[in-house]
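Worksheet: the structure to be examined is printed underneath.
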Amino acid sequence: MAKIVVALGGNALGQSPEEQLAAVSKAATAIVDLIAAGHKLIITHGNGPQVGMIKKAADCAHKNENNAPYIALKECGAMSQGYIGYHLQQAIENECCKRRIKQAVAAITTQVEVDPDDPAFQHPTKPVGNFYTEAEAQRMSEQGFIMQEDAGRGYRQVVASPLPVKIIELKVIKTLVENNVLVITVGGGGIPVIKTPEGYQGIDAVIDKDNSSALLADAVDADFLLILTAVEKVAINFNTPAQQNLSRLDYATAEKYIAEGQFAKGSMLPKIQACLNFVHQKPERKAVITNLFTAREALQGNNGTVITD
Ligand SMILES: Nc1ncnc2c1ncn2[C@@H]1O[C@H](COP(=O)(O)OP(=O)(O)O)[C@@H](O)[C@H]1O
Ligand SMILES: NC(=O)OP(=O)(O)O
């Protein structure tokens, strides 16, 4: 039996509530397969598309007396934890019930401390919301949004994405895991907070969930970090006729490919970096990047990209 942190990508969860319900149902099947195989799981998830959708809806619906956005990005991130956590919790509970597996499931509202002086606040890189054409992106830039091309899929708004420093609710998470509760946590990378003399306070940003998942996996001493996204394997020369899918990737080779710019910033690069951070701390650990449908065979080393020290 292995302890596995399973990180579900925001884009892998779809762009609309209907798409998300279908995606979490597939994710729940893969997750309960792993539970049935005897593994202990902790689930994290992204929120890029979702937090952007919530913020866009909030901005259209509400303006305060100064005509400024009524709901800040940090609260939209918190809302996305509840929205996605609820879908995941319900889908996993329903799948366990269908298979007569007794499994308590709990989605935990999770804060993650960041450094207010993180240079990421001056250099937005985290894509959120929908994909737009170049012309639409140009119009959004004129409205003050910072737009960036995203891995050949179109243009998206980018926001600050500071590195995670500390998971505030870690003790609660560990207690629940030790008592065999399947915990859904660090949703959207966690609600970003900074420490102030008055205590923790939210700050507008979206933390990369892969970085937070690696921090969590190390903190709970997981055996595997399993990152589920929309591709079966990591590739070099991605989206070109020379594309080559990678089944295994060791630390030195990954560093070489990162230097060559093989992994798109804001999408695959943070996944690779999170996996390298995780395995580099204990060489016996493994990280795997694959998609929802190949999760179980990937854990057995028969699919996906296995990343080792
Ligand atoms: N070198 C690469 N190999 C595979 N996928 C890549 C690569 N570079 C960029 N990508 C893109 O990155 C995506 C994963 O990043 P992203 O969509 O941000 O993940 P998430 O599923 O966590 O939302 C893949 O679905 C693919 O479209
Ligand atoms: N917060 C976060 O990393 O979300 P995505 O996985 O959607 O990028």
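Read the numbers this way: they start at 1 and go in the same order the structure lists the ligands and their atoms.
- The protein heavy atom nearest to atom 3 (O) of ligand 2 is Lys209 N, 2.8 Å.
- Protein residues with any heavy atom under 4.0 Å from ligand 1: Gly9, Gly10, Asn11, Ala12, Ala151, Arg153, Lys209, Thr229, Ala230, Val231, Lys233, Val234, Ala235, Phe238, Gln262, Phe263, Ala264, Gly266, Ser267, Met268, Lys271.
- Connection of Val165 to Ile167 is not established within any shared hydrophobic cluster, with ILVMFWY side chains joined at heavy-atom distances below 4.5 Å, either directly or through further cluster members.
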Next item on the list: I would like to know whether Arg139 and Glu142 meet salt bridge (Lys or Arg N to Asp or Glu O under 4.0 Å); could you show each step before the answer?
Entry: CA-CA 5 Å; Arg139 282 196 292 277; Glu142 289 159 5; over 6 Å; no
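- Distance alone, capped at 3.5 Å, is enough to place a donor-acceptor pair between the Lys3 side chain and the Val220 backbone.
- By the neighbour-count criterion of 12 heavy atoms within 6.0 Å, atom NZ of Lys286 is sparsely surrounded, having that number or fewer from other residues, nucleotides or ligands.
- Of the listed residues (Asp223, Asp221, Asp309, Thr308), just one forms a side chain to side chain donor-acceptor pair (under 3.5 Å) with Arg285, and that residue is Asp221.
- Looking at ligand 2, you'll find an N or O of Lys126 within less than 3.5 Å of one of its N or O atoms.
- Thr305 places a side-chain N or O within donor-acceptor distance of the main-chain N or O of Val234, the cut-off being under 3.5 Å.
- With hydrogens left out, the protein atom closest to atom 4 (O) of ligand 2 is Asn47 N, 2.9 Å, a heavy atom.
- Annotation: Asp210 places no N or O atom under 3.5 Å from an N or O atom of ligand 2; distance criterion only.
- By the 3.5 Å distance cut-off applied to N or O atoms, Gln50 is not counted among the residues near ligand 2.
- Summarising the geometry of Arg153 relative to Ser267, their closest heavy-atom pair is NH2-CB, 3.8 Å, with the distance given to 0.1 Å.
- The Val206 neighbourhood of ligand 2 comprises atoms 1 (N), with distances under 4.0 Å to a heavy atom of that residue.
- Counting heavy atoms of neighbouring residues, nucleotides and ligands inside a 6.0 Å radius, atom NZ of Lys26 does not exceed 12 of them.
- Below 4.0 Å from some heavy atom of Pro49 lie the following atoms of ligand 2, by number and element: 7 (O).
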Margin query: Using side-chain hydrogen bond (donor to acceptor under 3.5 Å, both in side chains), reason through Gln243 and Asn245 one step at a time and then give a plain yes or no.
Written below: CA-CA 7 Å; Gln243 176 170 323; Asn245 288 344; 3.0 Å; yes
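- Residues Val279 and Ile289 share a single hydrophobic cluster, defined by chaining ILVMFWY side chains whose heavy atoms lie under 4.5 Å apart.
- Residue-level proximity to ligand 2 for Ile207 is carried by the backbone, the only part with a heavy atom below 4.0 angstrom.
- At least one N or O atom of Gly188 sits closer than 3.5 Å to an N or O atom of ligand 2.
- Judged by distance alone, the side chains of Glu297 and Thr294 never bring a donor and an acceptor atom under 3.5 Å apart.
- Geometrically, ligand 2 and Gly48 share a nitrogen or oxygen pair separated by less than 3.5 Å.
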